[in-house]
Amino acid sequence: MKEVPTTVGDTADQVWRMEWSQQKSASVTVYNMEAVVDFFGDDTELSDVSSSDVDSFILHLRETNSPATINRKLSVLSKIMKYGVDNGVINRKPRISKQREPAGRLKYYTREEEFDMSQKMQPALRDLFLFLIDTGLRRGEALSLTWRDTPPYEKHIVLSDPEKIKNGKPRTVPLTNRAYDILSKRRHGPASEGPFGFTNQRVDDMIKEFRKVHDFDCRLLHTCRHTFCSRLVQSGVPLAVVKELAGHSDLQTTLRYAHLTSENLSDAIKTMEAQGG
């Protein structure tokens, strides 16, 4: 009979095989799992992980992660520790405090913020930052792009691999001139490689270095996605179209941006009145 794993690394591997490996978001989960194992140590016994250690982990994550991202990593840690409890390795889990996620309207970058931030970024981070703003791609979707997804001389990208898309639904994303120029500048190497040839960890490191020097809250590249959606809505693009461009699984997600349409709604009434409505 196989022994029950007792270390952080072995338990994470076991939970991965049993639960996480079949998820559509497996690539994200394995990244979060690696963050947990790297911090606590592959050979650290579950019994040696204290609530104080978890607090230190949270403080470490706050340097480059949003509350929502921290909570996803804490969820992975909680699942690992629960496996230890369920199998008699430890008596109880350490205290794992979920982070408060901000409520209210979604944050998005103004044109001025975009310009100020991008001018102070190293070129690789700047390209990714601006590309995400102009395409609305999730960070993982952009990092997993290959040159096969970005046909040369065509102003669109094709997301077709369901393993690399959060909701598994393929979509085509038109490119702005700026996004097209970024790809053209970075186009090199074999077709199996892509325009952003660096890992999630490398992105975290670049953001961390940026924040050491510059007073910008650049923890969330996901804010670029909110910026993309917000600008579309503010430009009068119908929410149903924004939904398709952003790859939202349902319209309810897109409706978070509905408050930005108030002026457009007023314009619609004025148009109706002008037509004798």
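All values reported here derive from a predicted model rather than from experimental measurement.
Counting heavy atoms of neighbouring residues, nucleotides and ligands inside a 6.0 Å radius, atom CZ of Arg17 exceeds 12 of them. Phe115 CZ: 12 or fewer foreign heavy atoms inside a 6.0 Å radius. Dense packing is recorded around CG of Asp250, with more than 12 heavy atoms of other residues, nucleotides or ligands lying under 6.0 Å away. Crowding of Lys79 atom NZ: a count of heavy atoms from other residues, nucleotides or ligands under 6.0 Å not exceeding 12.
Using a 4.5 Å cut-off on side-chain heavy atoms (C-beta onward), Asp127 and Arg186 make contact. Using a 4.5 Å cut-off on side-chain heavy atoms (C-beta onward), Pro67 and Arg100 make no contact. Proximity of Leu128 to Leu143: side-chain heavy atoms (C-beta onward) are separated by under 4.5 Å at one or more points. Proximity of Gln122 to Met206: side-chain heavy atoms (C-beta onward) are separated by under 4.5 Å at one or more points. Within the 4.5 Å cutoff, side-chain heavy atoms of Leu130 are placed close to those of Glu114. Within the 4.5 Å cutoff, the side chain of Leu137 has heavy atoms near those of the Val173 side chain. At least one side-chain heavy atom of Thr110 sits less than 4.5 Å from a side-chain heavy atom of Glu113. Counting only heavy atoms from C-beta outward, the side chains of Val85 and Asn91 never approach each other to under 4.5 Å.
Ring-plane geometry between Phe57 and Phe39 is classed as tilted, the angle between the planes lying from 30 to 60 degrees on a 0 to 90 degree scale.
At least one donor-acceptor pair under 3.5 Å links the side chain of Thr135 to the backbone N or O of Phe131. Using a distance-only test at 3.5 Å, with no hydrogens or angles considered, a donor-acceptor pair links the side chain of Arg256 to the main chain of Thr253. Of the possible donor and acceptor atoms, one in the side chain of Thr227 sits under 3.5 Å from a partner among the backbone N and O of Thr223. Here the side chain of Asp181 pairs no donor or acceptor atom with the backbone of Arg178 at under 3.5 angstrom. A donor-acceptor contact shorter than 3.5 Å links the side chain of Thr11 to the backbone of Thr7. For Arg139 (side chain) and Leu221 (main-chain N/O), no donor-acceptor pair under 3.5 Å exists by modelled atom type. Asn87 places a side-chain N or O within 3.5 Å of a backbone atom of Tyr83 that can act as its donor or acceptor partner.
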Tell me, with the steps shown, if Glu63 and Arg211 meet salt bridge (Lys or Arg N to Asp or Glu O under 4.0 Å). CA-CA 9 Å; Glu63 295 181 3; Arg211 293 186 67 242; over 6 Å; no

Begin from the C-alpha positions of Leu159 and Leu145 and carry the test side chain to side chain contact (heavy atoms under 4.5 Å, CB included) through to its verdict. CA-CA 8 Å; Leu159 302 177; Leu145 282 176; 3.6 Å; yes

How far apart are the C-alpha atoms of Ser75 and Arg72, what are their side-chain angles, what is the distance that settles it, and do they pass the side chain to side chain donor-acceptor pair (under 3.5 Å) test? CA-CA 5 Å; Ser75 178; Arg72 285 194 289 271; over 6 Å; no

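Aromatic rings from Phe129 and Tyr109 are positioned such that their centres are separated by under 6.0 Å. Taking the six-membered ring for Trp and the full ring otherwise, Phe228 and Tyr108 have centroids separated by 6.0 Å or more.
In terms of heavy-atom proximity, Leu255 sits nearest to Leu239 at CD2-CD1, 3.6 Å.
Side-chain contact of Asp134 with Tyr180: a donor-acceptor pair under 3.5 Å is absent, judged by distance alone. If you check the side chains of Arg187 and Ser184, you find no donor sitting under 3.5 Å from an acceptor. The closest side-chain donor-acceptor pair between Gln99 and Arg62 falls under 3.5 angstrom. One side chain, Thr146 or Asp149, offers a donor N or O that lies under 3.5 Å from an acceptor on the other. Of the N and O atoms on the side chains of Thr172 and His156, not one donor lies less than 3.5 Å from an acceptor on the other residue.
Here Asp86 pairs with Lys82 in a salt bridge; the nearest charged N to carboxylate O distance falls below 4.0 Å. A salt bridge links Arg95 with Asp55: the distance from a Lys NZ or Arg NE/NH1/NH2 to an Asp or Glu carboxylate oxygen falls below 4.0 Å. Taking 4.0 Å as the cut-off between side-chain N and carboxylate O, Lys73 and Glu34 do not count as a salt-bridged pair. A salt bridge links Arg171 with Glu141: the closest approach of a Lys/Arg side-chain nitrogen to an acidic carboxylate oxygen falls below 4.0 angstrom.
With hydrophobic clusters built from ILVMFWY side chains whose heavy atoms lie under 4.5 angstrom apart, Phe196 does not share a cluster with Val158.
With respect to Leu46, the side chain to side chain contact (heavy atoms under 4.5 Å, CB included) criterion is satisfied by exactly one of Asp10, Thr6, Ile80: Ile80. Here the rule is side chain to side chain contact (heavy atoms under 4.5 Å, CB included) with Val37, and of Asp43, Asp42, Leu77, Asp13 only Asp42 fits it.
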